[in-house]
Amino acid sequence: MFVHPDEDTRTDGGFQGERAVLAGYLRDQRLTLELKCAGLDPEALARRSVEPSNLSLLGLVRHLAGVEQYWFRQVMAGQEIRRHYRSGEDRAGDFTGAVADPTVVADAWATWRAEVAFAEQLVAEAPSLDVTGNGGHDDEPMELREVLVHMIEEYARHNGHADFLRERIDGRVGQ
């Protein structure tokens with residue numbers, strides 16, 4: 001177990017209303033990512049899964065910072081942004097640049113936390129979950145509720161990856 005149940009800051013549901021349900025489950029998924037990375041040094045966070053994959057816990061943090069940025073800043077807020085960790089030359093830079101350097105680790109967490117804070121504020125201030133962004137991957141208008149569901153799915157999938165990565169690092173398994 002990563003954390004004793006009495007110290008687990010995640011909820012066990014109990015939300016009321018659509019916005020609270022979606023925001024609450026997304027918050028819990030974000031907290032799960034943090035728990036899966038807790039207590040690891042830069043070397044462990046940057047450790048790759050198995051060849052030929054470049055998957056690592058640090059890569060997941062960087063990737064999810066970019067996912068938060070894309071869906072909430074670009075799609076929902078309509079901001080013109082330069083994507084974190086990606087370039088035309090290295091579209092997988094979130095993973096390839098995840099190296100065992102304390103500065104890289106600190107930057108990844110600060111970037112992820114800033115993007116999460118932006119997203120949480122956007123969701124809290126949205127007049128309703130019916131508001132639409134400028135379109136996702138297919139350039140069709142997308143409601144905030146669909147973005148929230150997508151984000152829950154995105155974190156759930158990657159938290160499954162994080163379970164296996166953490167187990168490979170130190171034998172700890174998810175809860």
Side-chain angles (χ1 to χ4, degrees), residues 1-40 45 55-81 83-85 94 105-167 169 172-175:
M1 299 251 285
F2 287 101
V3 64
H4 188 276
D6 293 341
E7 298 170 6
D8 193 341
T9 57
R10 296 172 298 175
T11 60
D12 193 19
F15 307 109
Q16 295 190 356
E18 184 181 19
R19 185 186 309 244
V21 167
L22 294 173
Y25 276 94
L26 179 53
R27 179 182 177 274
D28 285 348
Q29 289 295 322
R30 289 169 173 151
L31 289 170
T32 298
L33 176 68
E34 287 186 291
L35 287 172
K36 292 180 185 309
C37 296
L40 296 175
L45 286 168
L55 193 64
S56 68
L57 288 170
L58 180 57
L60 288 176
V61 172
R62 290 164 51 100
H63 172 71
L64 288 164
V67 170
E68 295 269 1
Q69 178 197 40
Y70 174 77
W71 287 105
F72 292 105
R73 285 192 194 271
Q74 189 170 339
V75 172
M76 293 309 302
Q79 295 181 2
E80 292 293 327
I81 53 169
R83 296 287 302 277
H84 296 302
Y85 312 118
D94 36 6
V105 172
D107 172 73
W109 283 113
T111 301
W112 179 78
R113 287 188 177 100
E115 293 303 336
V116 166
F118 179 88
E120 289 176 337
Q121 182 175 352
L122 184 141
V123 171
E125 293 176 357
S128 80
L129 297 178
D130 297 332
V131 299
T132 58
N134 62 358
H137 298 300
D138 58 5
D139 285 331
E140 293 294 318
M142 182 174 274
E143 290 182 347
L144 178 56
R145 74 173 39 82
E146 186 175 354
V147 170
L148 290 168
V149 170
H150 171 71
M151 292 299 295
I152 293 165
E153 178 271 334
E154 182 87 13
Y155 272 92
R157 178 172 7 104
H158 290 312
N159 282 337
H161 298 140
D163 275 337
F164 290 126
L165 289 163
R166 182 66 190 243
E167 186 176 11
I169 291 166
R172 295 178 90 178
V173 294
Q175 64 190 80

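In this chain, residues are counted from 1 in sequence order. Hydrogens, waters and symmetry mates are skipped; everything else that's a heavy atom, side chains included, is used.
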Asks: So which heavy atom on Trp109 is nearest to which on Cys37, and how close?
Replies: CZ2-CB, 3.5 Å
Asks: For a quick test of reading the model, state the closest non-hydrogen atom pair linking Phe118 to Phe72 and the distance between them.
Replies: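 Closest approach of Phe118 to Phe72: CE2-O, 3.7 Å.
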Asks: For the CD1 atom of Ile152 and the OH atom of Tyr25, what is their distance to the nearest 0.5 Å?
Replies: 9.0 Å
Asks: Compare all side-chain heavy atoms of Asp163 with those of Glu167 and state whether any distance is below 4.5 angstrom.
Replies: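 No; the side chains remain at least 4.5 Å from each other.
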Asks: Could you tell me the separation between the OH atom of Tyr155 and the CG atom of Leu31, rounded to the nearest 0.5 Å?
Replies: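 Answer for the OH-CG pair, Tyr155 versus Leu31, is 10.0 Å.
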Asks: Do other residues, nucleotides or ligands put more than 12 heavy atoms under 6.0 Å from Glu146 CD?
Replies: no
Asks: Could you give me the CA-CA distance, side-chain angles and deciding distance for Val147 and Met142, then say whether side-chain contact (heavy atoms from CB on, under 4.5 Å) is met?
Replies: CA-CA 7 Å; Val147 170; Met142 182 174 274; 3.6 Å; yes
Asks: Test your reading of the model: is there a side-chain donor-acceptor pair from Arg145 to the backbone of Glu18, 3.5 Å cut-off?
Replies: no
Asks: Working to the nearest 0.5 Å, report the span between CD1 of Ile169 and CG of Leu45.
Replies: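 Result: 6.5 Å between the selected atoms.
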Asks: Kindly give the heavy-atom pair with the smallest separation between Met76 and Thr132, and that separation in Å.
Replies: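 Heavy atoms of Met76 and Thr132 come nearest at CE-C, 3.8 Å.
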Asks: Could you measure the distance from the CZ atom of Arg157 to the CD atom of Gln29? Nearest 0.5 Å is fine.
Replies: 11.5 Å
Asks: Is it true that His84 and Glu68 share a donor-acceptor pair across their side chains at a distance under 3.5 Å?
Replies: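 No, because no side-chain N or O of Glu68 sits under 3.5 Å from a partner of the opposite role on His84.
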Asks: Determine whether Met151 and Val67 satisfy the following criterion, side-chain contact (heavy atoms from CB on, under 4.5 Å), listing intermediate values before the conclusion.
Replies: CA-CA 8 Å; Met151 292 299 295; Val67 170; 3.6 Å; yes
Asks: Is the number of heavy atoms from other residues, nucleotides or ligands under 6.0 Å of Gln121 CD greater than 12?
Replies: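 Open: at most 12 neighbouring heavy atoms sit under 6.0 Å from CD of Gln121.
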Asks: Compare every heavy atom of Gly66 with every heavy atom of Arg83, then report the nearest pair and how far apart it is.
Replies: NH2-O, 3.4 Å
Asks: Contact between Gln69 and Tyr85 at the side-chain level, heavy atoms closer than 4.5 Å - yes or no?
Replies: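 SC-SC contact between Gln69 and Tyr85 ruled out.
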Asks: Within the distance-only criterion (no hydrogens, no angle test), does the side chain of Arg166 pair as donor or acceptor with the backbone N or O of Arg172 below 3.5 angstrom?
Replies: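 Not at all, since once roles are kept as given, no pair shorter than 3.5 Å links the two residues.
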Asks: Working to the nearest 0.5 angstrom, can you tell me the gap between Leu35 CG and Asn159 CG?
Replies: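 Output value for this atom pair is 9.5 Å.
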Asks: Step by step, would you call Trp71 with Leu122 a side-chain contact (heavy atoms from CB on, under 4.5 Å)?
Replies: CA-CA 11 Å; Trp71 287 105; Leu122 184 141; over 6 Å; no
Asks: Measuring from atom CG of Leu26 to atom CD of Glu154, what distance do you get when rounded to the nearest 0.5 angstrom?
Replies: 11.0 Å
Asks: If you look at every heavy atom in Ala114 and Arg73, which pair is closest and at what distance?
Replies: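 Closest pair (atom of Ala114, atom of Arg73, distance): O-NH2, 4.2 Å.
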Asks: Pair His161, Lys36 - check side-chain contact (heavy atoms from CB on, under 4.5 Å), show working.
Replies: CA-CA 10 Å; His161 298 140; Lys36 292 180 185 309; over 6 Å; no
Asks: Check Arg30 with Glu115, please: is the shortest side-chain N to carboxylate O separation under 4.0 Å?
Replies: no
Asks: Measuring only between side-chain heavy atoms, which start at C-beta, is Leu144 closer than 4.5 Å to Asp130?
Replies: no
Asks: Would a 4.5 Å heavy-atom cut-off, applied to side chains only, mark Leu33 and Trp112 as touching?
Replies: yes
Asks: Compare every heavy atom of Arg19 with every heavy atom of Ser128, then report the nearest pair and how far apart it is.
Replies: CA-NH2, 3.4 Å
